[in-house]
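Every chain is numbered from 1 and lettered A, B, ... according to where its sequence line falls, protein lines coming before strand lines.
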Amino acid sequence: MSHHIVDFIDIYFTYPDGKQAVNGITCRINHGESVGIVGANGAGKSSLLMLLTGILLPAKGEIRVGETPVTKKTLSVIRQKIGFSFQDPDDQLFMTTVYDDVAFGPRNYGIDEPEVKKRVMKALETVGAVHLKDRAPYKLSGGEKRAAAIAAVLSLEPDILVMDEPTAALDPKARRRLMNLLKGFLHTKIIATHDLDMVLEICERTIVLKEGRVVCDGLSPEILNDEELLEQCGLEKPLALQNCPVCGSGKLYGSLLEGTGK
Amino acid sequence: MSHHIVDFIDIYFTYPDGKQAVNGITCRINHGESVGIVGANGAGKSSLLMLLTGILLPAKGEIRVGETPVTKKTLSVIRQKIGFSFQDPDDQLFMTTVYDDVAFGPRNYGIDEPEVKKRVMKALETVGAVHLKDRAPYKLSGGEKRAAAIAAVLSLEPDILVMDEPTAALDPKARRRLMNLLKGFLHTKIIATHDLDMVLEICERTIVLKEGRVVCDGLSPEILNDEELLEQCGLEKPLALQNCPVCGSGKLYGSLLEGTGK
Amino acid sequence: MHMADALISPVVGGIMWAATAGVAAYSIKKVQNDLDEQKIPLMGVMGAFVFAVQMINFTIPGTGSSGHLGGGMLLAILLGPCAGFLTMASILVIQALFFADGGLLALGCNIFNLGFYTCFITYPLIYKWIMRNGYSTRRIFSGAILSAIIGLQFGAFSVVLQTLFSGKTELPFGTFVMLMQPIHLAIGVAEGLVTAAVAGFVWKMRPEIIDKGVFGKASGSISIKKVLVGLAVVAVITGGIFSWFASANPDGLEWAMFYTSGKEELEAPEGIHQTLASIQERIAFLPDYTFKTQEQETNSDDTEAEEAWPAVDAGTSAAGLAGGIMTLLLAGITGFSIHLIKKRNKASAV
Amino acid sequence: MIVMSNIIKSLYNIRMLDELAEKRTFIHNIHPLIKVLTTCVYLTVTVSFDKYELSGLLPLIFYPVVMITLAEIPMIPILKRMLVVIPLIIGIGIFNPLFDHKPMVVLPWIQISGGWISFFSIMFKGGFTILAALILIATTGMTRIASALRMIRVPRLFVLQLLLTYRYISVLMEEAGRTWNAYMLRAPGQKSVNPKAWGPLAGQMLMRTYDRAQRVYQAMGLRGFNGEYNPGDVKKVTVKDILYFTCWAAFFAVSRYFNLPALIGEVVTGVMK
Ligand SMILES: Nc1ncnc2c1ncn2[C@@H]1O[C@H](COP(=O)(O)OP(=O)(O)OP(=O)(O)O)[C@@H](O)[C@H]1O
Ligand SMILES: Nc1ncnc2c1ncn2[C@@H]1O[C@H](COP(=O)(O)OP(=O)(O)OP(=O)(O)O)[C@@H](O)[C@H]1O
Ligand SMILES: [Mg+2]
Ligand SMILES: [Mg+2]
């Protein structure tokens, strides 16, 4: 299914105020891959995702989704393939009920109402939010909002799921639920996040950005265990790897281990 | 220094729309303690902190900071002792430059300008944000905003530091820096967060809330290792204590504790 | 300064609804033609912003009192007149529905009073004129303050006219004007200062927002000539309708009263310098009632005039009083029994 | 010192009405367009009474009484809301007794000036119209009112913008509330925002809002929005709805053309004699 390959070809992007956010990124993401994009605050993660979804257009270089280059003209085609969830679900839930919000996308694509309903209910079921369907988005808790925002993206039935910091501000259990949901989604996933533990669990591949450039691109377990590399990029090892006495001892265990005389 | 003891005595709070956010919380936090407040989304953490700072007033019960009960009349006394940082730094930074923002509090307390300057610079140094002093808060990155917001709280020279989800949206390194900063702060600290790993590292004591009640209150390492308890409260073990995804070694901390005979 | 439903007559409410609908239709067409669809969320979110900021109280320097943002002028500055007017309209719709501020019949009046003058009069004529040589902090400051104040004065005067034409209040024109305009001068200054401070801040931080009026040049390009012509047309039409209404309606008395007392106000030698003392005087010396009888006599050939003066006779009054009390009792009983029936139904359903 | 800002309190008012609109009573199920129309007729009839026609106005109280009880709307918050608004009306109405001394009701033991009659007539009208608006929103909700507006051909652009404004009021009022609290925490003893902070405070919020608006727009664009908003299915007007409207309209018309209390009163006093 070559038409779901995402290709960044030497992309540059500069914000109007002169800030160079993306400085020559080239990479290819294959169909069905699950990719984590990580990097310090301001590394250019969000900018890259916005370039992919055509919210921003590159100053130089070309982005291709399958055969189609992302340009102003092809936007509506591209966007039908891509579902993008923003960092702040409040930006994304703009209708007055969850149902209407999830139905917003399909309705815009001129799908008829019974089919819209089917899609909406399916999306809501996937995220376990059917009971929220008649509620107003502002009455939801943070985690529920996130679920609704994701359903709104799923109802588009995208071939490529693109998410910006999906786990921020969720409590640990809600985060776990979201991660299970993402594991079950089998199409291409591109996730920008600071939650390296999540990347470790659900993305086989990790791309590390620094100052708008790709510093490293490879298998997640390898990259996320490379302390030196992460340190350089304003990151640190996923917490789950930090204190493991088998893979490398952390402070907490260090002292405990000393105490036990090991 | 009994005057920095924080005492919650059977506190109830109901939002005007009838939502009972706090349902009888009693606890005492001693001077110099470092306390993590954890719980699922909507457990009542933020409400509790707002009650402490007098943004909300309890429907029933009394909160005391030292000898002083928190009432409408004592607010300005109380607030001089407490520094509160909001979950979203955007809500907190409203002046045109970082310097003015950090100086805002001291100036309101009628402190003279040379002293204000000294305090501001000290606060900015503490958070490593001196270079930001003439920048507009609006143009900072997420982590920088957070640092500025914390400096604005520190410049008040509070005896009690109260923070709501201070690590959310920070990159791992910025988070680490903030944690080091907090470790260095020797007065009372009360931190509401979902970042259980941070609690494990910097708070010796943890209070678990659920539906506006204290479910558990004790030493952090013990509470954060009690899988069943955490599960009930919408939480999960800190990532550092979970199974290592690389080597697959199991509940290490527990077995280590047993091993040491503790 | 929201007009309330209770204070207007259906005719005035209707006319102002029509006028507002006309301006809104024009604005929608203009917004649709000129600009890309990006403006819709921008208008919505900005409207919500003004709604929220209206609730923050700002201290007015030197007075100890506080005021809040009105928003009409700020919206015009940021969104341009047409989008600004529409945004103001939706804010007022929501206020009318959720806060019962103003009311649904008076909505036309309120949208017109708060949106039209700032967006379509003072914005193009004053603000734009001050900015004709380009923007600067000082110009934005003076332009925003001046146009906010004058816009509000128009609005307040409009309230006076609409109230008087509705004939629900006995307040003489002169007194009403003397009450409304100075109060709204103070409010206008407060609003102007806050608007100016906000616009000035935005100009300093993100000049492009003010510069382009968000939607590029198009939004600011309402030609002054068009505005003046439009105004003249509106004036002629409403004038015509009002005078028709005045002559065809028993409330025409009010119209006459407005004329006479208005003239008196002009001829009063003390003029504007008359202060509260003179208002008091007027309250004492112009018992409206005698005033009206005179008018009625001169208008005695007007058959409808009689209806404005319900016959005063003990019999009907007593019947009215007794019947009124019974009606209210009946209403109370009805409400109570519905309540009981509902309760019982629920209890049996459980 | 303001503890919980009035911003958040106003937000509760909005949310309360919104929650009431989620109930499912007979009244809630009436077609929104019909409810909007009924409200319009009611308002027009109410304000069309002459300023001295006090008794004739009274039967109109049946509308709010019946609606509030049928729709199970709690009285207290609605009346509170009314108390907030009514002083404005009193402010203007109170001048009537001052200026208008014509004796109107002449009974052996009581005489009331026309000014007082018209004052009370304004008060009743004020009460009725305020209740009618609140009842409309509390039984219909914003979304359904918007769909009614679409049915009477209010342009899409305006309706969508209205809905967006409504939606974001919640988000921005919460933000404003938090900013206000943050301000007050560091500015103890101030009652409102000091002039020096005006521009930065409101301006900063405005620019955040502006950026948010861009993101909202992009989020809409990403889901295929091209300026035409499709509201999905719309309910049809049924016989029940028409019947509802006809009943009320008939009642309003009768109240308007016959002074019911006077008729009742005449019957009663006639009987007594
Ligand atoms: N609208 C903008 N105007 C100007 N500069 C911007 C804008 N948005 C982002 N930037 C800058 O571009 C750079 C990349 O920003 P981006 O949002 O892509 O970072 P990020 O990797 O997503 O960071 P974070 O982890 O904080 O979300 C940053 O230095 C930022 O300051
Ligand atoms: N302003 C408000 N009005 C009404 N209810 C509220 C308000 N703020 C919070 N609540 C409710 O009170 C409860 C406690 O909320 P609170 O914000 O204290 O939770 P929290 O523990 O801080 O959650 P989170 O982890 O999501 O920040 C929640 O159920 C929430 O829905
Ligand atoms: Mg980002
Ligand atoms: Mg919270």
Side-chain angles (χ1 to χ4, degrees), chain A residues 17 19 38-43 45 87-88 139-146 165 167-176 193-198 200-201 220-221 224-225 230-231 233-248 250-253 256-257 259-262, chain B residues 17 19 38-43 45 87-88 139-146 165 167-177 193-198 200-201 221 230-250 252-253 255-257 259-262:
Chain A
D17 64 356
K19 172 80 203 169
V38 303
N41 288 122
K45 304 179 294 298
Q87 181 166 352
D88 185 351
K139 284 184 203 155
L140 303 181
S141 87
E144 291 168 335
K145 271 187 198 168
R146 178 73 67 191
E165 312 217 12
T167 55
L170 290 186
D171 66 38
K173 212 169 182 177
R175 168 176 171 275
R176 177 66 51 191
T193 187
H194 294 305
D195 184 348
L196 303 186
D197 292 89
M198 173 180 67
L200 191 60
E201 271 195 48
S220 300
L224 295 177
N225 209 26
L230 293 173
E231 171 69 20
C233 301
L235 302 172
E236 51 176 39
K237 278 167 89 171
L239 298 164
L241 294 184
Q242 276 183 18
N243 296 317
C244 179
V246 180
C247 310
K251 292 159 217 153
L252 189 66
Y253 288 91
L256 277 169
L257 288 173
T260 58
K262 278 191 193 172
Chain B
D17 63 357
K19 172 80 202 170
V38 303
N41 288 122
K45 303 179 295 296
Q87 182 167 350
D88 184 352
K139 287 182 184 159
L140 302 180
S141 90
E144 292 167 334
K145 272 185 199 165
R146 176 73 67 191
E165 311 217 13
T167 54
L170 290 186
D171 66 38
K173 210 171 187 174
R175 169 176 172 276
R176 177 65 54 194
R177 219 185 300 124
T193 186
H194 293 305
D195 184 349
L196 303 185
D197 291 89
M198 172 179 69
L200 190 63
E201 272 197 46
L230 295 172
E231 171 69 19
Q232 272 172 22
C233 300
L235 303 172
E236 52 176 37
K237 280 167 92 172
L239 298 165
L241 296 186
Q242 286 181 15
N243 296 356
C244 175
V246 172
C247 61
S249 49
L252 287 161
Y253 191 68
S255 52
L256 278 169
L257 283 176
T260 57
K262 276 188 193 173

Task: Residue part contacting chain A, namely of B:Ala168, when any heavy atom lies under 4.5 Å - done: neither

TODO: Taking salt bridge (Lys or Arg N to Asp or Glu O under 4.0 Å) as the test, write out the residues that go with B:Asp195, two or more places apart.
DONE: B:Arg175

Open item on the list: Quick one: does any side-chain atom of A:Lys45 pair with a main-chain N or O of A:Ala40 as donor and acceptor, under 3.5 Å?
Closed with: yes

- [ ] Answer yes or no: is there a side-chain heavy-atom contact under 4.5 Å between B:Glu231 and B:Lys237?
- [x] no

Task: Under 4.5 Å from any heavy atom of chain A - which part of B:Leu196 - done: side chain

- [ ] Applying salt bridge (Lys or Arg N to Asp or Glu O under 4.0 Å), name anything that partners B:Lys145, two or more places apart in sequence or on another chain.
- [x] B:Asp90

Open item on the list: At a 4.5 Å cut-off on heavy atoms, which part of A:Asp197 comes close to chain B: side chain, backbone, both, or neither?
Closed with: side chain

